[in-house]
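Values reported hereafter were calculated over all heavy atoms of this structure, with side chains retained and with hydrogens, waters and symmetry mates removed. The chains referred to below are lettered A, B, ... by the order of the sequence lines, with proteins before strands, and numbering in each begins at 1.
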Amino acid sequence: MTGVELLIWVRGPGLQLSLAAFILGMTYRILQTYFLGRAKNLAEPRGSPWIHGMKTMWWRSFFHPGMTIRGYFTIISGYTFHLGFIITLLFFDQHIELFKSWTGLSWPALPPLVITVTAVLGIAALVAVLVDRFADPVRYLLSDYQDYLCWVLTVLPLVTGLLLVYKIWLPYTSLLVVHIISFEILLVAIPFTKLSHVFTIFIARWYNGAIAGYKGVQS
Amino acid sequence: MAKPKTLAEHLEHHEVSRRGFLKFCALTTSMMALPPSMIPTVARALETARRPSVIWLSFQECTGCTESLTRSHSPTIENLIFNYLSLDYHHTLQAASGEAAEQAREAAMAENHGQYLVAVDGSIPVKDGGVYSTIAGISNLEMLKQTVEGAAAVVAIGSCAAFGGLPHAHPNPTGAVPVQDLVHDKPVVNVSGCPPIPVVISGVLAHYLTFGRIPDLDGYGRPLSFFGTSIHDRCYRRPYYNKGLFAETFDDEGAKNGWCLFKLGCKGPTTYNACATAKWNQGTSFPIQSGHGCIGCSEPHFWDAGGFYQPLSAGIAGVGTLAGVAVVAGAAAGTAAGLMHHAKRKQAQRQHEKVTVADLKESGS
């Protein structure tokens, strides 16, 4: 298969299959989690579980003082990576064209220089958390292969994207193929690894908030 | 028998000036990515070259390649040099027809065996024994085999001959294949493009005349000197791409300001050709300069590589139906998993036996 044939495949069937695997996997995971069910709470509700669930889902995305009890490193590196990755994914004009081809929706893009900064910050934060994972003996012992796999799958689209935009190392066609493949592998992996937290974190937050709301306490 | 004239003698006879000839040599040298010091060498080689016999075979094609070659720079030295190649067989340009034309081809093959060049435009249908395109009752496949047998080299002109082109596009009803799939024992140069740039065709032939061999080729068999850089790399709109300034439609402010055409489907980043440097119509312009994105016509499978107006970063296949199927399949699998879990829990509840005081007494005794 030549480079051009590979590009046609990754932009066509490759993208279709990976997106289908992502949608199928996430639907499966969410419904499977939902059908686990919970024991019926027979106590009288002291507040609205729905409202508290939604509030918690929103507010836990933001910084609050209690989060720094174990230091600032995880907080800063975590925010930097997640914001860097999300901004790069959602506000680079060429990515918006992809979402537009899928949904028909588009929105304003950020300048390429800003996207370069967010991508570089995202990569830097990922490197920092990896170093910390090795340096901290407790975290190192708790890590398994999936942690490293997820790290690689997450950093690859950022690195290959930067190489592509600045056309470093390989011809544009090859870099585009590598970048799209790295994204497609990430899409397929998300539902079946710890990366499924891109969705399940919101379910977990809602549930924590709903329990607290039912009891009439702050989550 | 009179000694064959050299190219210089032909040019002199047709009153082509020395200045005009040297300008062509300089352009050709530059296009071949050779240093200026090579201009005298190129000029000397072309002056003393005997006209090589060229047999031009037209198969499944639209004649656009010939149109491009003959109409673009007329009347310039490129056309002249092509006239002074001994073009012994060419459907569109030769005066002879019918049996006389085929005899001219056979005579040229016999007289120049092992030395003539074969130029092919159009792909070759091979399905059902190649019956879908014939010339004088001979299938394209058979004619190519016959003609290439005694050739020094083959030049596949245009994307159909180089990569299969439009006839090769899905579903390829005639089983069309490019020249390189059929010719394995002769050097093959692919001069792709739909059509190819005239100066690239003449440049490849000039290279053969100058050095007696085909030029260095890229991974797709194209001359590196012409296909070594992408349209994107040489595009004058590149700074707008770098700044993220794109035309969104063909008549918006961005288009009027000459911004990058990436979002309008320009395939310049993945297309390798000399359009942005050699240009068309006597160096006047090229598609991007005229306000339309590159369609990637010099790349293999460009007809099957998605819509001409789809950006490179967008998918080229619809996802709606497949996404719907994925949701249904995922929901079914998730529900089934949930029901299985539910059934398991119920079974565990049914099998659960409560420990009574009597059981405790019994176990304690």
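Contact annotation for A305(B): both backbone and side-chain heavy atoms come within less than 4.5 Å of a heavy atom of chain A. For L176(A), the part lying under 4.5 angstrom from a heavy atom of chain B is the side chain only. The contact between S230(B) and chain A is made entirely by side chain atoms (from C-beta outward), counting heavy-atom distances below 4.5 Å. Using a 4.5 Å cut-off between heavy atoms, P171(A) touches chain B through backbone and side chain atoms alike.
The two residues A331(B) and L31(A) come nearest to each other via the heavy atoms CA-CD1, 3.2 Å. In terms of heavy-atom proximity, F35(A) sits nearest to H341(B) at O-CD2, 4.4 Å. The shortest heavy-atom contact between G315(B) and S101(A) is N-OG, 3.6 Å.
When side chains are defined from C-beta on, V4(A) counts as touching Y220(B), because their heavy atoms get closer than 4.5 Å. The shortest distance between side-chain heavy atoms of Y172(A) and T271(B) does not fall below 4.5 Å. Looking only at side-chain heavy atoms (C-beta outward), L7(A) and T270(B) come within less than 4.5 Å of each other. Taking 4.5 Å as the limit, every side-chain heavy atom of F262(B) sits out of range of all side-chain heavy atoms of D93(A). Between K167(A) and D233(B) the shortest side-chain heavy-atom distance falls below 4.5 Å.
Counting only distance, with no hydrogens or angles, the side chain of Q16(A) and the backbone of A317(B) share no donor-acceptor pair below 3.5 Å. A distance-only check finds a donor-acceptor pair linking the side chain of R345(B) to the backbone of L36(A) [under 3.5 Å]. At distances below 3.5 Å, at least one donor-acceptor pair connects side-chain atoms of R11(A) with backbone N or O atoms of L312(B). Without hydrogens or angle criteria, T27(A) side chain to G330(B) main chain gives no donor-acceptor distance under 3.5 Å.
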> L322(B) and L19(A): side-chain contact (heavy atoms from CB on, under 4.5 Å), yes or no, with the steps?
Replying inline: CA-CA 9 Å; L322(B) 202 59; L19(A) 187 68; over 6 Å; no

>> Using side-chain contact (heavy atoms from CB on, under 4.5 Å), reason through I8(A) and I316(B) one step at a time and then give a plain yes or no.
In response: CA-CA 8 Å; I8(A) 292 171; I316(B) 59 177; 4.0 Å; yes

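To the nearest 0.5 angstrom, S313(B) atom OG is 11.0 Å from F183(A) atom CZ.
Chain B forms the most heavy-atom pairs under 4.5 Å with one residue out of L15(A), L113(A), T2(A), and that residue is T2(A). Ranked by non-hydrogen atom pairs under 4.5 Å with chain A, the options K263(B), K243(B), H342(B) are led by K263(B).
Open room surrounds NZ on K215(A); 12 or fewer heavy atoms of other groups in view lie less than 6.0 Å from it. Around atom CD of Q218(A), no more than 12 heavy atoms belonging to other residues, nucleotides or ligands sit under 6.0 Å away.
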